[in-house]
Amino acid sequence: MVYKLGDVLGEGAFSVVKLAVNRKTGQKVAVKCIDRQGLPDEDENSLRQEVAIMKSLKHTNIVEFIDFFEEEKFFYVVLEFLEGGELFDRIVKKNFYNEKEARDVVKVILDGMKYCHDKGIAHRDMKPENLLLTSKEDDSFVKIADFGFAIHGVQQGDRDTQCGTPGFVAPEVLQNKSYDKSVDMWSIGVITFIVLGGYPPFEADNDYKLFRKIIKGKFEFHNNYWCEVSAEAKDFISKLLVVDSQSRMCCDEAHRHPWLQRDAKELAGHDLNNNLAALKKYQNNRKFRAAANAIIAVNRMNKKHDGN
Ligand code: ADP
Ligand code: MG
């Protein structure tokens with residue numbers, strides 16, 4: 001391989017991502033390494049699908065695909081190196097935080113998402129750890145990463161195709177209904193809630209209870225955290241965390257929502273330092289929790305359902 005593999009950058013459920021250098025050009029890249037040994041056919045197929053989808057995407061807010069190699073023991077997906085790390089790690093390092101910064105992050109996510117949705121591609125695993133930054137200095141370049149669950153078109157909701165991550169997954173996915181790219185809009189609603197409030201809209205001490213809450217779609221803007229936040233931001237979230245996917249805002253509507261148009265200076269006056277402390281806690285907990293495998297969690301809930 002033309003790339004020399006180096007330090008581990010991160011680990012996903014199915015892969016190890018390593019920093020690598022192009023031996024000829026010196027270009028730094030990220031290489032997603034997938035062990036072929038024992039890899040089920042369906043996972044190999046979904047990897048090939050991920051690569052095909054990534055190849056078709058070119059946008060400033062989406063991680064760039066560079067190459068794909070098949071070797072005897074490993075598959076390698078070569079990607080643009082995003083050296084800024086996770087968006088949330090950057091946010092929690094801030095000393096001051098306000099609603100304008102939160103809004104700008106959501107806007108960039110919507111830009112990348114709209115590009116995918118216009119092409120008929122749903123990401124299906126939108127969550128903070130799949131939002132990465134290009135550079136260490138500048139936080140404006142957020143990129144959507146990890147298209148491991150992405151699909152083209154509408155998916156019939158059978159349990160083999162369930163995916164996503166507890167806490168971010170849309171109710172229709174949990175209910176085995178057919179679903180489409182509107183699942184991403186639900187997840188963006190959850191992400192926006194966390195970016196502003198510092199904690200998730202749906203929480204429970206086990207996945208089963210969590211999924212019940214998501215299916216009901218009931219959440220609250222607790223006054224302690226939300227009194228500083230604009231009415232437009234709350235309205236934006238309320239139009240995304242809608243259980244009926246047909247009534248949920250689509251990406252175009254989200255883009256045109258008044259919160260996205262609001263004056264930057266005014267929003268900068270909404271101090272979120274109190275919520276930043278909550279976000280620090282959230283991010284720490286998440287980091288320390290054992291790597292939760294999304295699919296296992298969803299399957300576990302189905303087994304409970306079957307038993308009823
Ligand atoms: P998986 O599909 O196995 O979840 P991901 O694509 O999410 O794998 O990658 C796992 C982790 O590796 C990410 O959460 C991130 O920390 C790191 N990572 C992935 N892609 C890049 C990249 N292009 N540049 C830098 N780090 C990356
Ligand atoms: Mg991932």
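Please read these numbers as outputs of a predicted model, since none were measured by experiment. As a basis for the values below, the full set of heavy atoms in this structure was taken, side chains included, without hydrogen atoms, waters or symmetry mates.
- Ser182 places no side-chain N or O within 3.5 Å of a backbone atom of Met185 that could act as its donor or acceptor partner.
- When the side chains of ILVMFWY residues are joined at heavy-atom separations under 4.5 Å, either directly or via intervening members, Phe202 and Val242 end up in two distinct hydrophobic clusters.
- Heavy-atom contacts from other residues, nucleotides or ligands closer than 6.0 Å to CD of Gln246 number 12 or fewer.
- Looking at Lys143, Glu86, Arg90, Met126 one by one, the single match for side-chain contact (heavy atoms from CB on, under 4.5 Å) with Leu131 turns out to be Met126.
- The heavy-atom pair separating Ala170 from Arg248 by the smallest distance is CB-NH1, 4.1 Å.
- When Glu101, Lys100, Glu232 are each tested for a side-chain contact (heavy atoms from CB on, under 4.5 Å) with Leu267, only one passes: Lys100.
- The minimum heavy-atom distance between Leu79 and Phe65, with the atom names listed, is CD2-CA, 4.0 Å.
- In terms of hydrophobic clustering, with Ile, Leu, Val, Met, Phe, Trp and Tyr side chains grouped at heavy-atom distances under 4.5 Å, Val51 and Val63 are assigned to a common cluster.
- Closest heavy-atom contact between Ala278 and Gly197: CB-O, 4.1 Å.
- Tyr225 has its ring centre less than 6.0 Å from the ring centre of Tyr199.
- For Gln37, the CD atom counts as loosely surrounded, since its 6.0 Å shell holds 12 or fewer non-hydrogen atoms of other residues, nucleotides or ligands.
- Transitive grouping of hydrophobic side chains (ILVMFWY, heavy atoms separated by less than 4.5 Å) brings Ile53 and Met113 into a common cluster.
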| message | Go through it in stages, so that I can follow the logic: the residues are Cys33 and Val17, the test is side-chain contact (heavy atoms from CB on, under 4.5 Å), and I'd like the CA-CA distance, side-chain angles, deciding distance and then a yes or no. | response | CA-CA 6 Å; Cys33 313; Val17 179; over 6 Å; no
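- Contact annotation: the side chain of Lys213 never approaches that of Lys216 to less than 4.5 Å [non-hydrogen atoms, C-beta and beyond].
- Within the structure, the salt bridge (Lys or Arg N to Asp or Glu O under 4.0 Å) test picks out the following pairs touching residues 265-277 (sequence neighbours left out): Arg262-Glu266.
- A salt bridge does not link Glu11 to Lys32: none of the charged nitrogens lies less than 4.0 Å from a carboxylate oxygen.
- Checked for salt-bridge contact, Asp89 and Lys93 miss the test: no charged N lies under 4.0 Å from a carboxylate O.
- In this structure, the side chains of Ile62 and Cys116 come closer than 4.5 Å at one or more pairs of heavy atoms.
- Lys28 NZ to Lys4 NZ: the interatomic distance, rounded to the nearest 0.5 Å, is 13.0 Å.
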| task | Could you walk me through whether Trp259 and Asp235 pass side-chain contact (heavy atoms from CB on, under 4.5 Å), step by step? | result | CA-CA 8 Å; Trp259 187 48; Asp235 185 71; over 6 Å; no
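- A salt bridge does not link Glu72 with Arg36: none of the charged nitrogens is closer than 4.0 Å to a carboxylate oxygen.
- Among residues two or more places apart in sequence or in another chain, the ring-ring contact (aromatic ring centres under 6.0 Å, His included) test is passed with Phe147 by His123.
- Of all the heavy atoms in Ala30 and Leu9, the pair that sits closest is CB-CD1, 3.8 Å.
- A salt bridge links Asp111 with Lys107: the distance from a Lys NZ or Arg NE/NH1/NH2 to an Asp or Glu carboxylate oxygen falls below 4.0 Å.
- Between Ile109 and Asn61, the closest side-chain pair of non-hydrogen atoms is not below 4.5 Å.
- The two residues Val243 and Ile214 have their closest heavy-atom pair at CG2-O, 4.3 Å.
- A 4.5 Å side-chain heavy-atom check between Val229 and Lys234 finds at least one atom pair inside the cut-off.
- The ring of Trp186 has its center no closer than 6.0 angstrom to the ring center of Tyr179.
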| Pair Glu50-Lys55, salt bridge (charged side-chain N to carboxylate O under 4.0 Å, His left out): steps then yes or no | CA-CA 9 Å; Glu50 174 178 358; Lys55 270 187 189 165; over 6 Å; no
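- Cluster membership for Ile66 and Leu57, using ILVMFWY side-chain heavy atoms within less than 4.5 angstrom, is not shared.
- Nearest heavy atom pair, residue Ile121 against residue Ala150, reads CG2-CB, 4.3 Å.
- A donor-acceptor pair under 3.5 Å is absent between the side-chain atoms of Asp184 and the main chain of Ala122, judged by distance alone.
- Inspection of the His117 and Asp252 side chains reveals no N or O donor paired with an N or O acceptor under 3.5 Å.
- Counting only heavy atoms from C-beta outward, the side chains of Leu47 and Phe75 approach each other to under 4.5 Å.
- Side-chain atoms of Ser135 and Glu83 include no donor-acceptor pair closer than 3.5 Å.
- Ile194 places a side-chain heavy atom less than 4.5 Å from the side chain of Pro201.
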| task | Could you give me the CA-CA distance, side-chain angles and deciding distance for Asp118 and Lys114, then say whether salt bridge (charged side-chain N to carboxylate O under 4.0 Å, His left out) is met? | result | CA-CA 6 Å; Asp118 285 349; Lys114 180 170 155 40; 2.8 Å; yes
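- Leu196 contributes atom CG, which lies 10.0 Å from atom CG of Leu279 (distance to the nearest 0.5 angstrom).
- Taking 4.0 Å as the cut-off between side-chain N and carboxylate O, Arg286 and Glu129 count as a salt-bridged pair.
- Hydrophobic clustering (ILVMFWY, side-chain heavy atoms < 4.5 Å, transitive): Ile34 and Leu19 are in distinct clusters.
- Put simply, the side chain of Asn275 does not reach to within 4.5 Å of the side chain of Tyr97, judged on heavy atoms.
- With rounding to the nearest 0.5 Å, the separation of NE2 in His270 from CG in Asn98 is 9.5 Å.
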| Worked check of side-chain contact (heavy atoms from CB on, under 4.5 Å) between Tyr115 and Thr60 | CA-CA 10 Å; Tyr115 172 81; Thr60 24; over 6 Å; no
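- Annotation: the span from Asp146 atom CG to Asn130 atom CG amounts to 4.0 Å, rounded to 0.5 Å.
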| Should Tyr76 and Asp67 be marked as a side-chain contact (heavy atoms from CB on, under 4.5 Å) after you check the CA-CA gap, both sets of side-chain angles, and the distance that decides it? | CA-CA 8 Å; Tyr76 299 105; Asp67 215 334; over 6 Å; no
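- Atom CD1 in Ile188 sits 9.5 Å away from atom CE in Met249 (nearest 0.5 Å).
- A 4.5 Å side-chain heavy-atom check between Phe74 and Ser15 finds every atom pair outside the cut-off.
- Note: Cys250 SG to Leu240 CG = 10.0 Å, rounded to the nearest 0.5 Å.
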